[in-house]
Structure formats: C-alpha cells, structure tokens
Participant: 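Got a structure for you, written out below as structure tokens; questions coming shortly.
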Amino acid sequence: MGAAAANDHESQNKRAKTNRDKSEYLTQAPVDGDGRCHFFVAGKGRYCRLLTKAGNKYCGEHMVVSDSGSAKSPTRRAPCPYDPSHSVDMSKLKKHMESLCNSRPPAIRPAFTDLDCNVSLLPPEYAEKSFGECGQLWSEEALAKADARLMVQPGERIYLGTTSSKVFGDLKPSSHEQQACTNPEPLNEATVRRLLRPVVTAYLQSVSAAPENVESAELDDLLELVRLSEDFPVDICTHSALEERSHAKTNPKHALQQSSLIGHLEKRGLLDNRYAFIEFGAGKGELSVYVHAALNPAPEGSDGSSSSSIILVDRKNFRQKYNIVEQDSAAEPLHHRFERIYIDIRDLDLSNIPKLQTIDPATGAIQLRPIVAYSKHLCGAATDLTIKCLERYQLAGGSVAGVAIALCCHQVCKYSMYVDHAHLSTATTHGSGASEWCDIQRDEFQHLTTMSSWAVNAPTPSQPTDDQQQQQQDGQDADPAAHYSGLSFDQRMRAGHAVKRFLDIGRLAFVRQKMGMKNAALVYYTTRSTSPENLALLGTTTKITVP
C-alpha cells in the first residue's frame, strides 16, 4: 500500500471512529448545563444534536414541543406559516414572513401558476366558502385556499391538519370557528374488514388471481392470494451512465433505482435530445443530471434548437442540491440546459413554461414541445397531481412522449387529488360519480390510505429479523387481537399491498384511457430488497410529432 493510500485509509478510520463516538454520545441523555437539546428524536434513536441557548432545555426548533422548557420565561414559538417544517419565535413572526423566510412566495406569481388546476375533484362550494368555515377539510386535502403561503397574513391563525402542528398565530384570531368536516367511523376490526373485502377482491380480479368463488370467499382466504411483488412484470434495467455511481459505498440503492429508470427510458426510445425532460419532485436533482449524461448527443450541425431542456420541479428549495455546474465541461456548459421551478404540482400549468414553448417561423404561433416526464418516488398525492398535470398539457396541445414514475407513499394520497374516482367507486361502499364529491367515500379513502402503509411496515428480505424480532412477529401472528384490525402481521402486509396496487391500477387505467398511452404498464423496476416501494408506472405515446 502506497503512502497516499495509507494516509487516506487512516483518515477514513479516524472519521469512522469520530462518527461512532458522536453517535454513542447522542444516545446518552443530556444533563442540565451541558448545552445539549433535551428533545429525543424517536425515529433516529438519539437526542437532538443541536445546542441550546443559556438557560434553555430545548434548541430553537424543539422549543415548540414544550410549554415549559426553560429556566426563564419560555419563548413562544410556532410553526412557520410558509413552511411548517421549521418554527419561529412569535415575537419575530411578522419580520420572518416579510423578509427572512426562504419559503415565502414570490411577489408576482409566475405565468405557469394556476391554483388547484391539477386537483381532480374540488369540494362543493369551494369557490364560495371561506377558510374559517372549511379550513380543516381544505387543510387535510392540501388545497390552495388552505395554503398559508397564499392566504395567511402575519398574526392570523391557520389549522395545518397534522398531529405535530397546532392552531397558532392567534394574535389576530379569525372571526369564524373552523368546522369539522365529517365524523368518520373509527378504524376498528369491523371497519377494516368491511372496507378491505371489496378492494382486495377488485385487486385480485385485476391481476387475474381471483378464485372462482370470489364473491363468497372469506377475506382471510382472499388475502392468502395476494402476491407481493409478483403480480406485475419484473423488468430491472441498467444504464451505463450510472455504472460508476452504482458501485459507490454510500446509498447504492438510489443508484440502482436511478439506473433502472433511465434504462427504461432508453428501452422505450425516450432518450432523445428533441424532447424536453421534466423531473417531478426533483429534490436535489441528481436523477436529472444522470438523465442528461445518458442522452444521445445533439445532431451534428445543430443550431442548438434541438438540444434537450431539463426542468426540475419541486415545491421546496433544497439546500444540498446536486451541483450541476460541477458537471460543466469545455465542450458544453450543462447548467444552461437545466431550469428549476419551485411550485406545488397542484398549481403547475406546464403549457405556460417558456422553455416548453417554440414559435412556428411560418405562422408565428406558439407550439408546445413534446416532453418526457419522470420521477423517482413521487409521494402519494403528488403522483396523481403529476398525471393530471400531464393530461392538461395534452389538452393544451402538447405531447407527452412518455412517463417513468416510481410510485410510493400511498398513505399520503388525497381524495380530492386521486385521478380516477370512477375506479375508486367500484370498490367503496359509498360510490360517487366520476365528478361528484362524496364525504363518506372520502372518509373511506382516508382509511384505505392508512391501511396501505401496512405493506411497507415489514422488514425487507435484505433485513432479516433476529430471534427476538421473529418471536415478536410470531406473537403478532398468533394473537390477532394485538392489533386493532384483528389481522395478523402477514395479513396486514398483504392487505396494505392490495390497497396500494388497487390505487395504482386506477392510475394505470387513467393513463391508458385519458392520456392515450395504450401500452402503459405497471412494472417492478427494482428488487424489493433494494426498495419496498419498487413499482413504476411506465408508458409511451405511440405517435409523437417532434417539431
């Protein structure tokens, strides 16, 4: 081993030891006077790593969870109205909203903003009612009229509809008390079995796995027929653009998923510079950088008009964005190909994005470029909003050449945003038309999305349980009463899987029927051990005219 390699190896060992020591330190309870935050982060199994001000037990972010955490008068904090992921000292709320918050909205909305334009089904009288009358319902459905960025002024209050947030900013209370939308039935064993049976039946029929006596079969017997990751084709692709990245020791699973998605784009002939590419829920933008690396070079002698554009859409401004400028070369600066758009997909009108518009030299008319849409793990409602967004682009005269959307997080789907209410009505006890709001169906939909999370609450094959965990799992299976659903651990996992796939089948039907992608399919694009959320919606339009 050379001297340089030895030094590098020694440095890595020192960093690893430092990280281990820090991890052990953070699992120990803080003591008064050491300046450490006393908030225990349950999901990470350790205490918060941030320091506190003198005399405080909690850091600035976690002061909001305690009413009396200081030796002196407690600071009154509240979730930020623009972005509730961080909190603000109430005495500084006005200034924070006016000039400090990085999530504050632009003074002038971009031309591609059209509030709620991609929401499939709005509540009755949504245009006429006020937030004070229906704030809870609108907040739970994440509709624009309940969005703090659009309607809350400093000091007003808003209900965020989450267990971690409270009514806040009551310096200037609203003149109306918010009304509860409905009183849904509790999610107990009777409700679970009543709601699951038609959904599991519809799912089994869709994947040709239903028994002949499906109408009279018991739910327990139907759940035995649910096939995890075997009900749709498995097609795991790779692409050379991520060959080096896939061998990295840090988070290789992301590279495997990205490589497969890009491989599917190539397999369907979608890696073509003549298309514009849009990544929904782009986050840091790493996937789009590799998409660009995988694109075929522009034709020789091209004036650049046929070069690809890549648009990254996300509603948050991520700090650790993938540094596109670092990928620039002397031959071609890459960053001019990319454009970031910060907007909720709910409000995005693609047809008004300048980079997607071209001018017909003969007529002077605006033409829309054909696009390819893709995403790695587009959470819940965002998937439905994206599909509607693409359909609206088609209705405006644009062409969608293809889609490659990895599906996940069905537990955060929204009734108002789900794309196919007619499909939903085939397996809910209270149906509605394709364009009719139904409060009871909405309550049932919320219960179904809760049950969908059961599919990924189990260890993946690459993470076998130890003896103690196995005994606990066996105990759950042996004693169904241990869970409110009355179902065993294995049954819940199968039930959650059936709910997820039922919702995805509705999305697939919408893409085929409404968007004309007759060859669209649900495909397992990676292994369950790589990600338990391993299903993708893939499709192409057979005839695309490229100007």
Side-chain angles (χ1 to χ4, degrees), residues 114-148 150-151 158-162 176-187 191 194-196 198-199 202 344-349 379-392 395 409-452 499 502-511 513-515:
D114 185 2
L115 303 185
D116 285 331
C117 66
N118 297 316
V119 175
S120 298
L121 188 61
L122 290 170
E125 303 178 32
Y126 180 60
E128 293 80 19
K129 289 190 175 181
S130 68
F131 177 79
E133 294 170 318
C134 299
Q136 180 175 343
L137 171 62
W138 295 352
S139 294
E140 290 175 354
E141 291 294 326
L143 298 172
K145 289 183 72 173
D147 194 331
L150 303 174
M151 52 76 60
I158 180 173
Y159 176 76
L160 294 174
T162 64
H176 297 281
E177 289 298 322
Q178 296 166 6
Q179 300 174 354
C181 36
T182 56
N183 293 312
E185 59 182 325
L187 191 57
T191 304
R194 180 178 63 80
L195 296 180
L196 272 182
V199 170
D344 196 310
I345 304 171
R346 171 196 68 193
D347 306 324
L348 176 59
D349 181 0
C379 292
T383 297
D384 299 303
L385 292 172
T386 295
I387 294 172
K388 287 294 291 185
C389 183
L390 297 174
E391 184 206 17
R392 282 176 55 84
L395 294 175
C409 302
H410 299 70
Q411 72 274 11
V412 290
C413 288
K414 305 296 183 185
Y415 175 70
S416 61
M417 299 173 186
Y418 185 66
V419 291
D420 197 338
H421 290 82
H423 171 75
L424 187 64
S425 296
T426 63
T428 50
T429 56
H430 288 78
S432 66
S435 59
E436 296 179 4
W437 181 279
C438 178
D439 285 332
I440 300 179
Q441 188 183 54
R442 174 184 176 270
D443 294 337
E444 293 181 350
F445 182 83
Q446 288 181 308
H447 284 330
L448 289 174
T449 58
T450 297
M451 289 186 278
S452 72
V499 173
F502 170 76
L503 297 176
D504 293 332
I505 289 168
R507 291 163 167 169
L508 176 64
F510 185 92
V511 169
Q513 298 167 12
K514 300 295 185 180
M515 295 183 61

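Note that these values count all heavy atoms, side chains included, but never hydrogens, waters or copies made by symmetry.
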Participant: Starting at CG of Leu195, measure out to CG of Leu187 and round the result to the nearest 0.5 Å.
Facilitator: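 Rounded to the nearest 0.5 Å, the CG-CG separation comes to 7.5 Å.
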
Participant: Suppose we screen for side chain to side chain contact (heavy atoms under 4.5 Å, CB included). Which residues come up paired with Glu128, at least two apart in sequence or across chains?
Facilitator: Glu125

Participant: How far does NZ of Lys414 sit from OG of Ser120, to the nearest 0.5 angstrom?
Facilitator: 14.0 Å

Participant: Taking all atoms of both residues into account, what is the closest heavy-atom pair of Gly380 and Val412, and its distance?
Facilitator: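 Heavy atoms of Gly380 and Val412 come nearest at CA-CG2, 3.9 Å.
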
Participant: Parallel, tilted or perpendicular: which one describes the rings of His421 and Tyr415, with boundaries at 30° and 60°?
Facilitator: perpendicular

Participant: Please report the C-alpha distance between Leu122 and Trp437 in whole Å, then the side-chain angles of each, then the deciding distance to 0.1 Å, and finally whether the side-chain contact (heavy atoms from CB on, under 4.5 Å) criterion is met.
Facilitator: CA-CA 7 Å; Leu122 290 170; Trp437 181 279; over 6 Å; no

Participant: Ignoring hydrogens and geometry, is there a side-chain-to-backbone donor-acceptor pair from Ser452 to Val499 under 3.5 Å?
Facilitator: no

Participant: Among all residues two or more places apart in sequence or in another chain, which pass the salt bridge (charged side-chain N to carboxylate O under 4.0 Å, His left out) test with Lys388?
Facilitator: Glu391

Participant: Would you name the heavy atoms of Ala127 and Lys145 that are closest together and state the gap between them?
Facilitator: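 Shortest heavy-atom separation between Ala127 and Lys145 comes out as O-NZ, 3.5 Å.
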
Participant: In Å, rounded to the nearest 0.5 Å, how long is the span from CD1 of Ile387 to NZ of Lys514?
Facilitator: 13.5 Å

Participant: So does Leu348 get a backbone contact from the side chain of Asn118, meaning a donor-acceptor N/O pair under 3.5 Å?
Facilitator: yes

Participant: Report the residues that fulfil salt bridge (charged side-chain N to carboxylate O under 4.0 Å, His left out) with Asp116, sequence neighbours left out, ordered by chain and then residue number.
Facilitator: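 Result, salt bridge (charged side-chain N to carboxylate O under 4.0 Å, His left out) vs Asp116: Arg346.
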
Participant: Please lay out, stage by stage, how His423 and Tyr418 fare under the test side-chain contact (heavy atoms from CB on, under 4.5 Å).
Facilitator: CA-CA 10 Å; His423 171 75; Tyr418 185 66; 3.5 Å; yes

Participant: Would you give the length of the straight line joining atom CZ of Arg392 to atom CG of Asp349, rounded to the nearest 0.5 angstrom?
Facilitator: 5.0 Å

Participant: Considering only NZ, NE, NH1 and NH2 on the basic side and carboxylate oxygens on the acidic side, decide whether Arg442 and Asp439 come within less than 4.0 Å.
Facilitator: no

Participant: Whether the side chain of His410 engages the backbone of Leu448 through a donor-acceptor N/O pair (distance < 3.5 Å, no angle test) should be reported.
Facilitator: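 No, the answer is negative, given that no donor and acceptor are paired below the 3.5 Å cut-off.
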
Participant: How many angstroms lie between atom CG of Leu115 and atom CG of Asp344, to the nearest 0.5 angstrom?
Facilitator: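 Nearest 0.5 Å value for the CG-CG distance: 10.0 Å.
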
Participant: Looking only at atom types and distance, does a side-chain atom of Glu141 sit under 3.5 Å from a main-chain N or O of Ser416, one as donor and one as acceptor?
Facilitator: yes

Participant: Give the minimum heavy-atom separation between Thr191 and Pro186, together with the two atoms involved.
Facilitator: OG1-O, 2.9 Å

Participant: Does any N or O in the side chain of Asp114 come within less than 3.5 Å of the main-chain N or O of Cys117, such that one atom is a donor and the other an acceptor?
Facilitator: no

Participant: Main chain of Gln446, side chain of Thr450: is a donor-acceptor contact present, judged purely on distance under 3.5 Å?
Facilitator: yes

Participant: Rounded to the nearest 0.5 Å, how far apart are OG1 of Thr426 and CZ of Phe502?
Facilitator: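 Answer rounded to 0.5 Å: 4.5 Å.
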
Participant: Do the rings of Trp138 and Tyr126 sit parallel, tilted or perpendicular, given the 30° and 60° boundaries?
Facilitator: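 Trp138 and Tyr126: perpendicular rings.
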
